[in-house]
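Atom set for the values below is all heavy atoms of this structure, side chains included, hydrogens, waters and symmetry mates excluded. Nothing here was measured: the structure is a model prediction, and the numbers come from that model.
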Amino acid sequence: MVAVAEGGIVPSKNIVKAIAFTGAFSIGCFAGAAIIEYENTRSMISKVKQARFWQNRSIVDRDGIWKLKQDVQRFWDSLSPGDKTFAPLLVCNLLAFALWRLPAMRNTMMTYFTSNPAARIVCWPMFLSTFSHYSVMHIFANMYVLHSFSNAAVLSMGKEQFMAVYLSAGVFSSLMSVLYKAGTKQPGMSLGASGAIMTVLAYVCAQYPDTQLSILFLPAVTFSAGAAIKVIMGIDFAGCVMGWKFFDHAAHLGGAMFGIFWAQYGAQVWAKRIGLLKYYHELRRTKEK
C-alpha cells in the first residue's frame with residue numbers, strides 16, 4: 001500500500017468498527033471458502049452431465065457455440081492453478097484502476113477505494129482499497145509480485161483457501177494500518193494490494209525458505225526466500241519506527257505477519273472447517289428431501 005499522511009485524531013468508534021469488521025469479514029471469508037470448496041467438489045459430477053448435454057445439441061450448435069466453448073475451455077485448462085486464481089484478482093484490480101481514470105467516479109473512489117481511519121466510512125474501504133491503484137507503476141509492481149508468488153501459494157493451499165487468506169489478509173493489513181495511524185495520530189489515505197500480497201510473499205518464503213529468488217531486470221542477483229522476507233520485514237519495521245510516509249509500512253508488516261502465521265498454523269486453522277462442512281452438508285441434504 002502507498003499512504004498519504006495527515007494530522008489529526010482517529011475517532012475511537014472508528015477503531016472499534018475496524019476491529020469488528022476485520023473479525024467478521026475474515027470469518028465470512030473462511031466460511032464462504034469452505035462452502036465453495038464443498039460445492040466445487042459436488043460440481044465435478046454435474047460437469048459430466050453438462051458434457052453429455054452439449055454433445056446432444058444440434059449440428060449448428062456444435063459448429064458454433066460448442067466450438068467456441070471448447071476453445072475457451074481448452075485455453076482455461078492450459079493455465080496453471082495459480083494463473084486461474086490470479087486472473088480474477090487481476091481483473092478486479094484493473095477495473096478499479098480504470099475507474100480512477102473516470103472524473104465522474106473520483107469522489108466515489110476517494111470515499112470507498114481508499115482506506116482512511118479518520119473518514120466517515122471506515123469498514124468497506126478497508127477491503128475495497130486492496131484492489132485500488134492510482135498509478136501505472138503501482139499496479140504493475142503489485143500484480144507482477146502477486147503473479148510471481150501466487151502459483152506456489154495456490155499449489156500449497158488450494159484455490160479456495162488461498163482466496164480466503166488473500167482477502168482476509170487484505171483487510172487485516174488495513175486494520176494494522178488503522179491501528180498504527182491511530183497510535184501515531186497521523187490518519188491519512190492508503191490504497192493498494194501490497195498488504196495482501198505481502199501475505200502471499202511471506203507465506204511462500206516461510207514455506208520454502210531455501211528457494212532462490214531474483215530481482216526483475218537483475219536475474220543474475222539471487223538470494224534465498226528466507227533472507228528476502230527478513231530484509232523486507234526489517235525495512236517495513238524501520239519504516240514504522242522512523243515514520244516513513246511514502247509506503248504504508250504498517251500494512252506491509254501486518255500482511256507479512258499474517259503470511260508467516262498462516263505458514264505455521266494455517267493447516268490447523270483450516271482444518272476447523274470440518275465442523276461447518278458437516279453442518280452445511282446436513283442442511284443441504286435436508287433441503288433436497
Side-chain angles (χ1 to χ4, degrees), residues 17-50 76-77 79-93 123-124 126-131 146-147 149-176 193 195-208 254-289:
K17 287 180 181 179
I19 295 173
F21 178 76
T22 300
F25 184 86
S26 299
I27 292 172
C29 281
F30 283 100
I35 293 172
I36 291 172
E37 181 187 49
Y38 173 92
E39 292 294 343
N40 285 342
T41 302
R42 288 178 61 97
S43 70
M44 293 177 66
I45 299 174
S46 66
K47 286 183 178 180
V48 176
K49 296 179 180 179
Q50 289 177 8
W76 183 253
D77 291 341
L79 298 178
S80 67
D83 286 340
K84 290 178 182 178
T85 309
F86 169 75
L89 293 175
L90 174 63
V91 170
C92 290
N93 280 275
C123 295
W124 282 109
M126 293 173 62
F127 168 62
L128 295 175
S129 65
T130 63
F131 294 93
L146 178 58
H147 181 263
F149 289 89
S150 60
N151 196 55
V154 171
L155 287 174
S156 177
M157 289 189 270
K159 61 183 180 180
E160 294 87 4
Q161 184 184 165
F162 173 88
M163 288 302 299
V165 169
Y166 182 87
L167 297 177
S168 299
V171 174
F172 179 79
S173 64
S174 294
L175 175 63
M176 293 300 99
I197 293 170
M198 277 296 296
T199 294
V200 178
L201 189 154
Y203 174 85
V204 174
C205 290
Q207 287 285 78
Y208 312 103
M257 292 168 61
F258 193 104
I260 291 174
F261 168 83
W262 201 258
Q264 295 293 323
Y265 304 105
Q268 296 94 305
V269 176
W270 185 240
K272 301 294 184 182
R273 78 193 189 284
I274 302 301
L276 170 64
L277 291 179
K278 288 181 179 178
Y279 172 78
Y280 180 76
H281 175 73
E282 292 298 325
L283 182 65
R284 203 178 192 282
R285 189 171 63 174
T286 300
K287 288 185 177 180
E288 289 175 350
K289 289 181 179 180

Exercise. Compare every heavy atom of L79 with every heavy atom of D83, then report the nearest pair and how far apart it is.
Key: CB-CB, 4.1 Å
Quiz prompt | Separation of Q264 CD from Q207 CD (nearest 0.5 Å) | solution = 8.0 Å
Quiz prompt | Over all atoms of both residues, closest heavy-atom pair of L277 and A34 | solution = CD2-O, 3.3 Å
Exercise. Measure the CD1-CG distance between I27 and L276 for me, rounded to the nearest 0.5 Å.
Key: 11.5 Å
Quiz item: Rounded to the nearest 0.5 Å, how far apart are CZ of F25 and SG of C123?
Solution: 11.5 Å
Practice problem: Given side-chain contact (heavy atoms from CB on, under 4.5 Å), test F21 with L175 step by step and report yes or no. | Solution: CA-CA 9 Å; F21 178 76; L175 175 63; over 6 Å; no
Exercise. Say whether, by atom type as modelled, one donor and one acceptor occur between the side chain of R273 and the main chain of W270 under 3.5 angstrom.
Key: yes
Exercise. Please name the pair of heavy atoms, one in A202 and one in G259, separated by the smallest distance, quoted to 0.1 Å.
Key: CB-CA, 4.2 Å
Exercise. Kindly say whether M126 contributes a backbone atom to a donor-acceptor pair with the side chain of T130 at under 3.5 angstrom?
Key: no
Practice problem: Could you tell me which non-hydrogen atom of Y208 sits nearest to which non-hydrogen atom of S156, and how far apart they are? | Solution: OH-CB, 3.6 Å
Quiz item: Can you check whether G255's main-chain N or O pairs, donor with acceptor, with S173's side chain at less than 3.5 Å?
Solution: no
Self-check item: Aromatic contact, W262 with F30 (centres under 6.0 Å)
Solution: yes
Quiz item: Which heavy-atom pair separates A169 from T199 by the least distance, and what is that distance?
Solution: CB-OG1, 3.1 Å
Quiz item: Taking it one step at a time, do F162 and F86 satisfy side-chain contact (heavy atoms from CB on, under 4.5 Å)?
Solution: CA-CA 10 Å; F162 173 88; F86 169 75; over 6 Å; no
Exercise. State whether the side chain of T22 and the backbone N or O of A18 hold a donor-acceptor pair below 3.5 Å, judged by distance alone.
Key: yes
Quiz item: Minimum heavy-atom separation for N151 to S80, with atom names?
Solution: OD1-OG, 3.2 Å
Self-check item: T85: which of M157, M163, E160 passes side-chain contact (heavy atoms from CB on, under 4.5 Å)
Solution: M163
Practice problem: Describe, in one word, how the ring planes of F127 and F131 are oriented to each other, choosing from parallel (under 30°), tilted (30 to 60°) and perpendicular (over 60°). | Solution: perpendicular
Exercise. Mind checking the OG-CH2 spacing from S129 to W124? Nearest 0.5 Å is all I need.
Key: 12.0 Å
Exercise. Step by step, work out the side-chain contact (heavy atoms from CB on, under 4.5 Å) result for M176 and M257.
Key: CA-CA 10 Å; M176 293 300 99; M257 292 168 61; 5.8 Å; no
Quiz item: Going by the angle between their ring planes, with limits at 30° and 60°, are Y38 and H281 parallel, tilted or perpendicular?
Solution: perpendicular
Quiz item: Can you tell me how far the CD1 atom of I260 sits from the CE atom of M198, to the nearest 0.5 Å?
Solution: 8.0 Å
Quiz item: How far does CD1 of I36 sit from SG of C29, to the nearest 0.5 angstrom?
Solution: 9.5 Å
Exercise. Taking the side chain as every heavy atom from C-beta outward, state whether Y166 and S150 have any pair of such atoms under 4.5 Å apart.
Key: no
